[in-house]
Visitor: 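Starting off with a structure, shown below.
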Amino acid sequence: MLFSRALIPTTKEAPADATNASHILLARAGYIRKVGAGIYDYLPLGYRVLRKIEGIVRAEMDRAGALEILMPALLPGEYFKETGRWDVYGPTLFRIKDRKGGDYHLGPTHEEIVTDIARREIRSYRELPKSLYQIQVKFRDEPRPRGGLLRCREFLMKDAYSFDADEEGARASYETMRKAYVSIFDRMGLRYRMVQADSGAIGGSTSAEFQVLVDSGEDAIVACGVCDYAANVEVATVKAKHDGAAAPTSEPVARVHTPGHGSIDEVTAFLGVPRTAMLKSLLYVAGEAVVMAVVRGDHDVNEVRLARTLGVDEVFLATEADVEKATGAKVGFAGPVGFKGRVVVDRAASLVGAGVTGANETDHHLKNVRFGRDFEGEVADIRLAATGDGCPSCEGGTLTSYRGIEAGHIFILGTRYSQAMGATYIDEKQQQRTLVMGCYGIGVSRLVATAIEQHHDDNGIAWPMSVAPYQVHLVTIGREESVLRAARELHDGLEAEGIEVLWDDRDERPGVKFKDADLIGVPLRATVGAKGLAGGNVEVKPRSEPDPKNAELVPVAGAVKVLADRVRAALQTGG
RNA sequence: CGGGGCGUAGCGCAGCCUGGUAGCGCACUCGGUUCGGGACCGAGGAGUCGGAGGUUCAAAUCCUCUCGCCCCGACCA
């Protein structure tokens, strides 16, 4: 491809609304343009990358035996009404009325629609198992689209669904998909971790997320340094230790005046006690009830685990007014002693020997507070795991925190949708049984941005080979006949080898071309100029090498082979 | 949903407080000089000042309403 004939509108400055590295670079390098909040054009380079990722995903899905289909993006409301999600999904669903006033919506996910296919077309156990997938645009009216392609309102997703005769079959399908996902992320050259995850609103039992490790990621995960335990902090447990817990005190509870000192920091400073002696008491609204969660002062509440413990879908931090009503004191002075209501105590907090906590009276705290003597409550693991915590699944392992971007999520759904929609089959004994389902998503368009978050530097993008829009960026310096001829031969030779070449043939100064090449991020750069050509060479430099002086001199005659071999080698090793 | 902010040329911004000729940088066009890491000189083109209404002799600027967008938080297969 000739740069002069392409549409690659690079800019020096990024749009003011771009804050993530990937968003800034995608915009500056001319991959995408914003059309509306969370809605983007894919310009030629962006679309090439999207299709590369799509291609890898498709190949691995096919290899795993899944069958590609395409379901509508525009959906009649009846399907979501059938499973109750029309009401449950809330404002995130893009709802539409047709001219006759009928309810429609844009598909945010397709469990109902695929289950409808299954109930109509799958009759017998002989047809099982079956996995169907599609690569389709999805729509979610996100409360806050952000990060360019990281969180869009319209985005491209691969979603797959498995149908099995029983749980055991579903587990096998899940395992097949897990392996396919590993292949996909390996081929994309990403550093990632598969972690235990919350199944969330979609339901289901077993689930795992594929988290691409990026410091700027939205999700927090913890992983053990010894065994293979890794989990989203939402569901991570920790091994309770007695660290920082003093011996149980025999002193009686004492009321202390702490005027205006409501926060953990203020109270520890004012009373001169360590954070580990604080019993942090937070009020949550769970359904109709107001519940108190007690964790140690140096810990944070894990709201997902708290909700699971309480047996509700989700909990919300109580408002100031709720807190004052429930405790009779201003925020910052709540405590479990004498609290009238359900109290959940984190295991670590239950071991604090002489705790300091709110007195349920404004400007007062209590000290020498002990669980079991001074207050009661259910003990559960309800705190967020953090670096340094003990691994829950092995002896001696320690957890480390990472940030990640959720790029894939696999679930065993069970019969939630098949049951609700009557998707059944006839088994060997002529018995009608309910299909057992799994679902498996990959954020294809999100991966475009995710790959950049992990592969860029100050000058621009540095694509892994497998997803790069072109594989070789050919830069010509000057317009001498000899230069153009050598470049033409290199360009044509590479294309004949099936290598994707972008030839910057523009009448621009070298600096401009080099800056654009770094920005665009094609993994291999080949420079043809009079200087190198005088010695019969072209200069080859990988994008990952920052210093142009380290470019390698390759004889013109062998340059096609050298470059083609490098491209193929990179594709072999993943990235 | 709570808090904060922004809409002026394709992009980044100034001008608004204190009403009176719409400006700067980049990009773009033309001419010339340059040419291995975002050149220089000269000359140009390009803007319903987000929209509607109001105040005024006069509105980018003041007032009211409205639409869009961004940031932090909440939320999020």
Side-chain angles (χ1 to χ4, degrees), chain A residues 9-20 23-24 27-28 30 33-39 85 88-93 107-111 138-148 150-153 155 157-161 197-204 207-210 218-219 232 234 285 303-304 313-320 406-411 413 416-417 438-443 446 459-460 475-480 483 504 506-519 525 527-534 539 541 546-549 551:
Chain A
T10 61
T11 61
K12 284 188 197 172
E13 291 191 273
D17 57 24
T19 50
N20 292 75
H23 189 187
I24 291 169
R28 283 194 55 213
R33 286 293 183 257
K34 187 163 98 167
V35 175
I39 309 173
R85 282 166 112 192
V88 173
Y89 222 96
T92 304
L93 197 61
T109 176
H110 281 74
E111 282 79 14
K138 306 280 179 176
F139 299 87
R140 290 183 197 171
D141 193 354
E142 290 285 348
R144 186 147 87 88
R146 70 185 107 172
L150 286 172
R151 182 171 293 285
C152 287
R153 294 198 292 176
F155 57 99
M157 178 166 165
K158 184 284 301 181
D159 48 324
Y161 306 88
D198 180 40
S199 296
I202 202 163
S207 101
E209 290 170 344
F210 285 75
E218 285 186 319
D219 292 346
N232 192 307
E234 289 177 346
V285 177
E303 297 184 1
V304 171
D313 278 348
E314 48 188 345
V315 294
F316 301 94
L317 197 59
T319 62
E320 276 186 38
E406 182 186 354
H409 202 156
I410 57 178
F411 297 79
L413 283 175
R416 169 168 172 172
Y417 295 92
C439 79
Y440 317 91
I442 287 183
R446 172 180 281 185
N459 295 316
V475 175
T476 43
I477 307 289
R479 307 193 68 76
E480 283 104 335
V483 168
D504 193 343
R506 294 174 302 170
D507 186 13
E508 287 286 356
R509 300 164 64 85
V512 173
K513 294 189 177 191
F514 290 139
K515 286 289 186 190
D516 273 349
D518 285 348
L519 185 59
R525 192 180 81 191
T527 306
V528 178
K531 213 164 89 183
L533 219 47
E539 293 145 63
K541 185 185 85 66
D547 189 349
K549 289 200 247 339

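A note on names: the letters A, B, ... follow the listed sequences, proteins ahead of strands, and every chain is numbered from 1.
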Visitor: Return the nucleotide paired to B/U33: Watson-Crick means purine N1 to pyrimidine N3 with N6-O4 or O6-N4, wobble means G-U with N1-O2 and O6-N3, both under 3.5 Å.
Guide: B/A39
Visitor: Measuring only between side-chain heavy atoms, which start at C-beta, is A/Asp518 closer than 4.5 Å to A/Arg525?
Guide: yes
Visitor: Searching all strands shown, indicate the nucleotide that pairs with B/C28 (Watson-Crick or G-U wobble; both distances under 3.5 Å).
Guide: B/G44
Visitor: Mark yes or no for whether A/Arg153, through its side chain, and A/Phe139, through its backbone, hold a donor-acceptor pair below 3.5 Å.
Guide: no
Visitor: Taking A/Thr527 for its side chain and A/Thr476 for its backbone only, find out whether a donor-acceptor pair lies under 3.5 Å.
Guide: no
Visitor: Give A/Ala14 one of three labels, base, sugar-phosphate or nothing, depending on what nucleic acid heavy atoms sit under 4.0 Å from its own.
Guide: sugar-phosphate
Visitor: Are the side chain of A/Arg151 and the backbone N or O of A/Pro145 linked by a donor-acceptor pair below 3.5 Å?
Guide: no
Visitor: Kindly say whether A/Glu406 contributes a backbone atom to a donor-acceptor pair with the side chain of A/Arg446 at under 3.5 angstrom?
Guide: yes
Visitor: Who passes ring pair (Phe, Tyr, Trp, His ring centres under 6.0 Å) against A/His110, sequence neighbours left out?
Guide: none
Visitor: Using side-chain heavy atoms (C-beta onward) and a distance below 4.5 Å, is A/Val483 in contact with A/Ile477?
Guide: no
Visitor: Students often get this wrong, so: under 4.0 angstrom with heavy atoms, is A/Glu480 touching a base, only sugar-phosphate, or nothing?
Guide: nothing
Visitor: Is B/C49 paired to anything, Watson-Crick or G-U wobble with both distances less than 3.5 Å, and if yes, which nucleotide?
Guide: none
Visitor: In the structure I gave you, are the side-chain heavy atoms of A/Asp17 and A/His23 within less than 4.5 Å of one another anywhere?
Guide: yes
Visitor: If pairing requires Watson-Crick or G-U wobble contacts with both distances under 3.5 Å, which nucleotide is the partner of B/G20?
Guide: B/C57
Visitor: Starting from P on B/G2, measure out to CG on A/Leu317 and report it in whole angstrom.
Guide: 17 Å
Visitor: Do the side chains of A/Glu111 and A/Cys439 get nearer than 4.5 Å, heavy atoms only?
Guide: yes
Visitor: Between B/C67 and B/G15, how far is it from one P atom to the other, in whole Å?
Guide: 28 Å
Visitor: Figure out the CD1/P separation between A/Ile24 and B/C11, and round it to whole Å.
Guide: 16 Å
Visitor: When the P atoms of B/C28 and B/C17 are considered, how many whole Å apart are they?
Guide: 36 Å
Visitor: Would you kindly compare A/Pro15 and A/Gly441 by the position of their nearest RNA chain B nucleotide and give the one closer to the 5′ end?
Guide: A/Pro15
Visitor: Watson-Crick or G-U wobble partner for B/A74, using a 3.5 Å limit on both distances?
Guide: none
Visitor: Pick the C1' atom in B/C13 and in B/G20, then give their distance to the nearest Å.
Guide: 24 Å
Visitor: Could one point to a donor on the side chain of A/Arg146 or the base of B/C71 with an acceptor on the other under 3.5 Å away?
Guide: no
Visitor: Have a look at A/Pro9 and say if it touches a base, only the backbone sugar-phosphate, or nothing, with a 4.0 Å heavy-atom cut-off.
Guide: nothing
Visitor: How many whole angstroms separate atom NE2 of A/His409 from atom P of B/C76?
Guide: 14 Å
Visitor: Taking B/G51 as the reference, what is the distance to B/U61 when you measure between their P atoms (whole Å, please)?
Guide: 10 Å
Visitor: To the nearest angstrom, how far is A/Arg151 atom CZ from B/C72 atom C1'?
Guide: 15 Å
Visitor: Determine the Euclidean distance between corresponding P atoms of B/C24 and B/G45; express it in Å to zero decimal places.
Guide: 12 Å
Visitor: Could you state the atom-to-atom distance from CD of A/Glu13 to P of B/A27 in whole Å?
Guide: 10 Å
Visitor: Quick one: does A/Glu508's side chain get under 4.5 Å of A/Asp516's, heavy atoms only?
Guide: no
Visitor: Measuring only the P atom in each nucleotide, how far is B/A46 from B/A22? A whole number of Å is fine.
Guide: 14 Å
Visitor: Please check: side-chain N/O of A/Lys515 versus main-chain N/O of A/Lys12, any donor-acceptor pairing under 3.5 Å?
Guide: no
Visitor: Using a 4.0 Å heavy-atom cut-off, does A/Tyr440 contact any base of the nucleic acid, only the sugar-phosphate backbone, or nothing at all?
Guide: nothing
Visitor: Give me the distance, rounded to whole Å, that separates B/G10 from B/U18 when you measure between the P atoms they each carry.
Guide: 31 Å
Visitor: Pairing check on B/A14: which nucleotide meets the Watson-Crick or G-U wobble criteria with it, both distances under 3.5 Å?
Guide: none
Visitor: Please report the distance separating the C1' of B/A43 from the corresponding atom of B/G5, rounded so that it comes out in whole Å.
Guide: 40 Å
Visitor: Whom does B/C69 pair with, Watson-Crick or G-U wobble, provided both distances fall under 3.5 Å?
Guide: B/G5
Visitor: What does the list of N/O pairs under 3.5 Å between the protein and nucleotides 67-70 of chain B look like, with a distance for each?
Guide:
{"from": "B/C69", "atom 1": "OP1", "to": "A/Ala37", "atom 2": "N", "distance (Å)": "3.3"}
{"from": "B/C69", "atom 1": "O3'", "to": "A/Lys34", "atom 2": "NZ", "distance (Å)": "3.0"}

Visitor: Protein within reach of the bases, or only the backbone? For nucleotides 33-41 of chain B, mark each nucleotide 5' to 3' as B, S or -, using heavy atoms under 4.0 Å.
Guide: -BSBBBB--
